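Encoded as structure tokens, the structure appears first; notes follow it.
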Amino acid sequence: QVQLVESGGGLVQAGGSLRLSCAASGRTFSNYAAGWFRQAPGKEREFVAAISRSGAGTRYSDSVKGRFTISRDNAKSTMYLQMNDLKPEDTAVYYCSVTQVALWRVVVAEAYKYDYWGQGTQVTVSS
């Protein structure tokens, strides 16, 4: 199994930036496709961004495309989410997750396909 710990959340003003980190341990990080999801109060968990095992393939939800950037450093077993031009509607608990896939460049964007989840980190964007 793999353990995931998110960090970097906090309170920011609209238009500001944050970088979230997801540190993995327990298994070889490069064996997993990975992604970020978020859940706001009263809403279902939604897809934010995903990245392939190699880092070469990425996918974003329409609501964050052009503002957020997902990346990973397999040597450090860490994934990142750079969030720019934050909006109040970005307020949510952000979760990182990983899933085993066989192919180097596959991107997984569906939450139900993920196996391991972090505890979440709160991001609050004020007007």
Side-chain angles (χ1 to χ4, degrees):
Q1 59 183 339
V2 61
Q3 296 78 45
L4 304 171
V5 179
E6 301 98 332
S7 62
L11 174 64
V12 298
Q13 193 173 20
S17 298
L18 284 174
R19 188 180 75 160
L20 305 183
S21 298
C22 175
S25 62
R27 297 284 176 90
T28 303
F29 185 56
S30 62
N31 288 340
Y32 298 89
W36 289 95
F37 298 80
R38 67 188 183 187
Q39 188 166 23
K43 301 185 67 176
E44 295 184 354
R45 186 170 299 185
E46 67 173 344
F47 167 74
V48 176
I51 191 166
S52 66
R53 290 171 57 188
S54 68
T58 60
R59 187 179 301 167
Y60 300 90
S61 69
D62 289 339
S63 62
V64 307
K65 191 174 300 181
R67 299 187 297 120
F68 291 9
T69 302
I70 189 171
S71 62
R72 67 190 294 164
D73 187 338
N74 287 336
K76 296 181 178 179
S77 296
T78 303
M79 179 176 63
Y80 306 94
L81 184 68
Q82 178 66 48
M83 305 185 294
N84 297 326
D85 191 24
L86 283 161
K87 305 177 184 298
E89 54 262 41
D90 295 319
T91 295
V93 176
Y94 283 71
Y95 299 90
C96 69
S97 188
V98 301
T99 185
Q100 295 185 47
V101 297
L103 301 179
W104 191 242
R105 299 183 65 178
V106 167
V107 178
V108 180
E110 297 79 18
Y112 76 90
K113 295 183 179 180
Y114 280 85
D115 299 315
Y116 302 100
W117 297 82
Q119 82 290 343
T121 185
Q122 176 71 49
V123 172
T124 303
V125 184
S126 62
S127 300

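Computed from heavy atoms alone, side chains included, the values below leave out hydrogens, waters and symmetry copies. All values reported here derive from a predicted model rather than from experimental measurement.
Shown here are the side chain to side chain donor-acceptor pair (under 3.5 Å) partners of T69, two or more places apart in sequence or in another chain: there are none. Residues passing the ring-ring contact (aromatic ring centres under 6.0 Å, His included) test with Y94, sequence neighbours excluded: none. With sequence neighbours excluded, the residues forming a side chain to side chain donor-acceptor pair (under 3.5 Å) with T124 are Q122, listed by chain and number. For F68, there are no ring-ring contact (aromatic ring centres under 6.0 Å, His included) partners at least two apart in sequence or on another chain. A search for side chain to side chain donor-acceptor pair (under 3.5 Å) contacts involving S54 returns S52, not counting sequence neighbours. The side chain to side chain donor-acceptor pair (under 3.5 Å) search around Q39 returns none, not counting sequence neighbours.
For residues 27-83, no residue pair satisfies the disulfide (SG to SG under 2.5 Å) rule, not counting sequence neighbours. Pairs of residues two or more places apart, or lying in two chains, that qualify as disulfide (SG to SG under 2.5 Å) and include a residue from residues 16-114 are C22-C96. Among pairs with a residue in residues 35-80, none fulfils disulfide (SG to SG under 2.5 Å), at least two apart in sequence or across chains. Evaluation of the salt bridge (charged side-chain N to carboxylate O under 4.0 Å, His left out) test over residues 32-42, restricted to residues two or more places apart or in two chains, returns R38-E46, R38-D90.
More than 12 heavy atoms of other residues, nucleotides or ligands sit less than 6.0 Å from atom CD of E110. More than 12 heavy-atom neighbours from other residues, nucleotides or ligands sit within 6.0 angstrom of CD on E89.
Closest approach of V12 to L86, counting heavy atoms only: CG2-CD1, 3.5 Å. Closest approach of W117 to A111, counting heavy atoms only: CZ2-O, 3.6 Å. Contact record, E6 with W36: CG-CZ3, 3.9 Å, taken as the closest heavy-atom pair. Of all the heavy atoms in Y32 and Q100, the pair that sits closest is CE2-CG, 3.2 Å. Here the shortest heavy-atom pairing between A24 and V2 reads CB-CG2, 4.1 Å. For the pair A14 and P88, the tightest heavy-atom approach, listed with the atom from each and the gap, is CB-CD, 4.2 Å.
Side-chain contact check for V98 versus F29: some heavy-atom pair is nearer than 4.5 Å.
Hydrophobic clustering, with ILVMFWY side chains joined whenever heavy atoms are under 4.5 angstrom apart, keeps V101 apart from I70. V93 and Y116 are members of different hydrophobic clusters when ILVMFWY side chains are connected at heavy-atom separations under 4.5 Å. Criterion: ILVMFWY side-chain heavy atoms under 4.5 Å apart, direct or through other members. Under it, F47 and V106 are part of a common hydrophobic cluster.
Rounding to the nearest 0.5 Å gives a distance of 8.0 Å between CG of N31 and CH2 of W104. Taken from CZ in R67 to OG in S61, the straight-line distance is 8.0 Å, to the nearest 0.5 Å. Here the CD-OG distance, from Q1 to S25, works out to 9.5 Å after rounding to the nearest 0.5 Å. Here OG1 of T58 is found 6.5 Å from CD1 of I51. Values are rounded to the nearest 0.5 Å.
With side-chain heavy atoms closer than 4.5 Å counting as contact, directly or through intermediates, V107 stands alone and belongs to no larger hydrophobic cluster.
Formation of a donor-acceptor pair under 3.5 Å by the Y114 side chain with backbone atoms of A33 is not found in this model. R105 places no side-chain N or O within donor-acceptor distance of the main-chain N or O of G57, the cut-off being under 3.5 Å.
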Go through the steps for L20 and M83 under the test side-chain contact (heavy atoms from CB on, under 4.5 Å), then give the verdict.
-> CA-CA 8 Å; L20 305 183; M83 305 185 294; 3.7 Å; yes

What donor-acceptor contacts under 3.5 angstrom involve side-chain atoms of residues 73-82, with partners at least two apart or in another chain?
| residue | atom | partner | partner atom | Å |
| --- | --- | --- | --- | --- |
| D73 | OD1 | A75 | N | 3.2 |
| D73 | OD1 | K76 | N | 3.4 |
| N74 | OD1 | R72 | NE | 2.8 |
| N74 | OD1 | R72 | NH2 | 3.2 |
| N74 | ND2 | R53 | O | 3.0 |
| T78 | OG1 | K76 | O | 2.9 |
| Q82 | NE2 | N84 | OD1 | 3.0 |

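Counting only N and O atoms by type, the side chains of S30 and T28 include no donor and acceptor under 3.5 Å apart.
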